[in-house]
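Just so we're on the same page: letters track the sequence lines, and every chain starts at 1.
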Amino acid sequence: MSDTGNEIQSKDFIRTIIDEDLASGRYDKVHTRFPPEPNGYLHIGHAKAICLNFGIAKDYNGMCNLRMDDTNPAKESMEYVEAIKDNIRWLGFDWEDRLYFASDNYEKLYELAVKLIKMGKAFVCDLTADQIREYRGTLTEPGKNSPFRERTVEENLDLFEKMRNGEFEDGSRVLRAKIDMTSPNLNMRDPVLYRVLRANHYRTGDKWKIYPMYDWTHGSCDSFEGITHSICTLEFEDHRPLYEWFLQTLGLYMPRQVEFARLNLTYTVMSKRKLLTLVNEKAVTGWDDPRMPTLSGLRRRGFTPASIRDFCSRIGVSKVNSVVDYAFLEFCLREDLNKTANRVMAVLDPLKVVIENYPDDLVEYMDAENNPEDPNAGTRKIPFTKELFIERDDFMIDPPKKYFRLSPGKEIRLKNGYYIKCVDYKTDADGKVVEVICSYDPATKGGWSEDGRMVKGTSHWVSASKGIKIEVRLYDKLFLKPDPEVVGENERFTDFINPDSIKILSDCIAEPSLAEAKAGDNFQFLRQGYFVADKDGTKEKPVFNRSVGLKDSWAKTQSKNQ
RNA sequence: UGUCGGUUAGUGUAAUGGUAGCACCUUGGAUUCUGGUUCCAAUUGCGAGGGUUCGAGUCCUUCACCGACAGCCA
């Protein structure tokens with residue numbers, strides 16, 4: 001997408017291929033498709049594929065279909081179909097009326113298989129799964145022909161029909177293409193087209209007793225839909241000869257398959273199987289847990305569609321296996337939210353401040369800019385009172401050098417409020433500071449002094465009497481290890497889950513305007529980070545998730561000095 | 001002892017055979033009513049050898065290393 005208008009992207013290798021295909025006349029249009037299997041939720045890796053397929057269609061004035069690659073009844077469901085559609089729409093893409101299901105083509109696929117049998121190019125095989133594996137040979141040794149390979153066309157036709165009719169046990173027979181058991185490419189060693197599986201399919205119910213395999217189905221569907229460029233991930237590179245064999249043998253229209261490297265991110269896992277494990281083992285609260293790399297999770301974490309699209313465009317496309325820094329994803333979010341998120345003030349770890357020379361019952365409504373990066377964002381009023389809360393981190397009795405915040409005798413600015421100077425403080429029996437007593441300078445209203453007096457520090461604050469209570473959920477990386485997928489002997493990726501990936505702060509105070517926040521609203525909590533209103537919140541107790549912290553150079557210098 | 005694909009700063013990604021760039025990260029500095037933003041600057045790179053060429057990241061060649069593939073999953 002070029003909705004930020006400033007992407008200067010050199011052409012990736014896929015677009016270069018498309019240019020060539022268009023120039024040579026191999027194709028006269030561009031038609032892509034995004035073909036998920038509805039057996040899990042979409043993740044950021046799928047977003048890369050979605051942006052690629054829909055993005056290419058848009059760039060070339062073509063179309064992109066959405067197709068459910070549903071050929072395995074055991075794992076698929078309507079819940080996933082709906083979630084997938086919802087996620088893609090949210091990301092900002094539109095398949096218009098072109099939502100297809102591989103399962104809608106089962107009959108057509110069956111007829112094509114019959115045709116293959118009649119051509120003598122497919123046969124019913126009675127070998128068990130184990131035997132098929134044995135006959136297949138190994139990576140370095142050729143396989144050998146199935147004893148059932150030379151059945152007559154008539155017998156194959158009869159057997160295949162009986163498979164369809166449910167006359168055989170699950171797994172007892174398969175239909176196989178007759179290609180070459182000595183091929184160095186294992187995919188060409190008489191691959192299975194159909195297996196007997198008398199399972200209930202989420203769309204076709206119990207109509208089918210046999211189900212087609214991926215290779216057989218995928219290319220055919222691409223062909224039916226008139227796809228020009230079938231873009232898929234690297235692991236299908238070895239399948240391309242088979243993809244082409246099917247279409248060529250049947251004399252069907254042939255799209256061009258192009259493979260690219262899937263996305264990997266540091267500190268996260270990116271396979272549906274592993275994500276399912278996290279959900280099933282309750283390591284997270286669900287597919288939309290804000291720590292999940294799923295689109296639903298990222299959405300709830302506060303990621304915007306624009307930030308994810310931007311990320312996908314910036315990481316580029318290539319055939320090199322690579323791992324992108326999680327920090328890069330965070331950068332893209334900050335980049336977007338800095339321009340779009342309204343600033344508000346919330347105190348996560350409240351410390352009471354009493355301004356001794358401020359009138360007891362006075363409430364002043366101070367003007368505050370909603371977003372300094374966006375002149376159109378407007379302003380709002382924030383109540384200022386004698387008793388306030390500031391961040392506990394913003395006060396120190398005995399501060400180190402270069403500490404610009406509040407400490408005894410020091411003056412700071414309260415953002416959009418007044419300059420205040422610390423005159424005293426109170427501690428409890430343990431020596432913990434419980435209250436800071438300050439004086440304010442009435443001439444600095446709005447946070448500005450006419451006399452040119454400079455203050456080095458500026459703090460955010462919330463009125464003690466007018467502020468509202470909120471719950472804040474601080475999220476961190478789900479895994480401690482940059483590469484949790486790399487495990488040793490006797491290790492599981494779940495061994496590396498970060499026990500502190502969520503910290504719940506239930507006594508935070510925020511300015512009153514936050515009571516109006518709706519789930520999904522993004523904010524910048526001044527000086528702290530970007531937060532998003534969560535669906536768990538109520539009017540009485542809004543809940544906010546931290547999407548990503550602000551860059552914190554002070555924290556950095558501090559940790560360096562330790 | 002197989003087939004296919006790959007190798008450019010820490011990370012990701014560019015470069016009709018013609019000065020190896022960009023972004024993130026990191027580090028300095030300037031600006032700032034957010035220790036944010038913005039701006040400036042710096043460090044760090046063509047897997048190795050040989051060849052062709054006036055000139056090679058790019059072409060040829062040898063080698064090394066990495067990844068995928070032996071589901072009736074996709």
Engineer: According to the salt bridge (charged side-chain N to carboxylate O under 4.0 Å, His left out) rule, which pairs have a member within residues 192-202 of chain A, sequence neighbours left out?
Structural biologist: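 For residues 192-202 of chain A: A:Glu169-A:Arg198, A:Asp170-A:Arg198.
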Engineer: Check nucleotides 41-47 of chain B against the protein and report each pair of N or O atoms closer than 3.5 Å, with its distance, or say if there are none.
Structural biologist:
none

Engineer: What's A:Phe168 touching, base or sugar-phosphate or nothing? Going by heavy atoms closer than 4.0 Å.
Structural biologist: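 It contacts nothing in the nucleic acid.
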Engineer: Which residue pairs pass the salt bridge (charged side-chain N to carboxylate O under 4.0 Å, His left out) test with at least one member in residues 179-191 of chain A, sequence neighbours excluded?
Structural biologist: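 Found A:Arg149-A:Asp190.
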Engineer: Atom OH of A:Tyr211 to atom C1' of B:G71: distance rounded to whole Å?
Structural biologist: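 Atom-to-atom, A:Tyr211 to B:G71, this comes out as 18 Å.
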Engineer: Test of understanding: with ring pair (Phe, Tyr, Trp, His ring centres under 6.0 Å), list the residues that count as partners of A:Phe236, not counting sequence neighbours.
Structural biologist: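 Testing A:Phe236 for ring pair (Phe, Tyr, Trp, His ring centres under 6.0 Å), a comparison that skips the adjacent residues, returns A:Tyr214, A:His239.
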Engineer: Sequence neighbours left out, what pairs pass salt bridge (charged side-chain N to carboxylate O under 4.0 Å, His left out) with at least one residue falling in residues 255-270 of chain A?
Structural biologist: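 Pairs touching residues 255-270 of chain A that pass the test: A:Asp21-A:Arg256, A:Glu235-A:Arg262, A:Arg240-A:Glu259, A:Glu259-A:Lys319.
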Engineer: Report each atom pair, protein N/O against N/O of nucleotides 24-31 of chain B, whose distance is under 3.5 angstrom.
Structural biologist:
unit_1	atom_1	unit_2	atom_2	d
B:U26	OP1	A:Lys556	NZ	2.9
B:G28	OP1	A:Lys560	NZ	3.1

Engineer: A:Glu37 near the nucleic acid: base, sugar-phosphate alone, or nothing, with a heavy-atom cut-off under 4.0 Å?
Structural biologist: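 Sugar-phosphate, no base atom in range.
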Engineer: Which pairs count as salt bridge (charged side-chain N to carboxylate O under 4.0 Å, His left out) when at least one residue sits in residues 451-461 of chain A, sequence neighbours excluded?
Structural biologist: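 Sorted pair list: A:Glu411-A:Arg453, A:Asp441-A:Arg453, A:Asp451-A:Arg453.
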Engineer: Are B:A74 and A:Tyr214 stacked, with the base six-membered ring and the side-chain ring centres under 5.5 Å apart and planes under 30°?
Structural biologist: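 Per 5.5 Å and 30° rule: no stacking.
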Engineer: Please say whether the positively charged group of A:Arg334, taken as NZ for Lys or CZ for Arg, lies over the ring of A:Tyr530, i.e. under 6.0 angstrom from the six-membered ring centre and within 45 degrees of the axis.
Structural biologist: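 Judged by the rule (NZ or CZ under 6.0 Å from the ring centre, within 45° of its axis), A:Arg334 is not positioned above A:Tyr530.
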Engineer: Using a heavy-atom distance cut-off of less than 4.0 Å, which residues of residues 186-199 of chain A contact RNA chain B?
Structural biologist: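 Contacts with RNA chain B under 4.0 Å: A:Leu186, A:Val192, A:Arg195.
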Engineer: What residues, two or more places apart in sequence or in another chain, satisfy ring pair (Phe, Tyr, Trp, His ring centres under 6.0 Å) together with A:Tyr243?
Structural biologist: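 Not a single residue meets the ring pair (Phe, Tyr, Trp, His ring centres under 6.0 Å) criterion with A:Tyr243.
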Engineer: Protein within reach of the bases, or only the backbone? For nucleotides 3-9 of chain B, mark each nucleotide 5' to 3' as B, S or -, using heavy atoms under 4.0 Å.
Structural biologist: SSSSS--
Engineer: Can you tell me which stems involve RNA chain B, if a stem is defined as three or more consecutive Watson-Crick or G-U wobble pairs, both distances under 3.5 Å?
Structural biologist: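 Paired runs of 3+ in RNA chain B: B:2-7 with B:64-69, B:10-13 with B:21-24, B:26-30 with B:38-42, B:47-51 with B:59-63.
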Engineer: Which residues in residues 522-531 of chain A have at least one heavy atom lying under 4.0 Å from any atom of RNA chain B?
Structural biologist: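 Of all residues in residues 522-531 of chain A, the ones placing a heavy atom under 4.0 Å from RNA chain B are A:Gln524, A:Leu526, A:Arg527.
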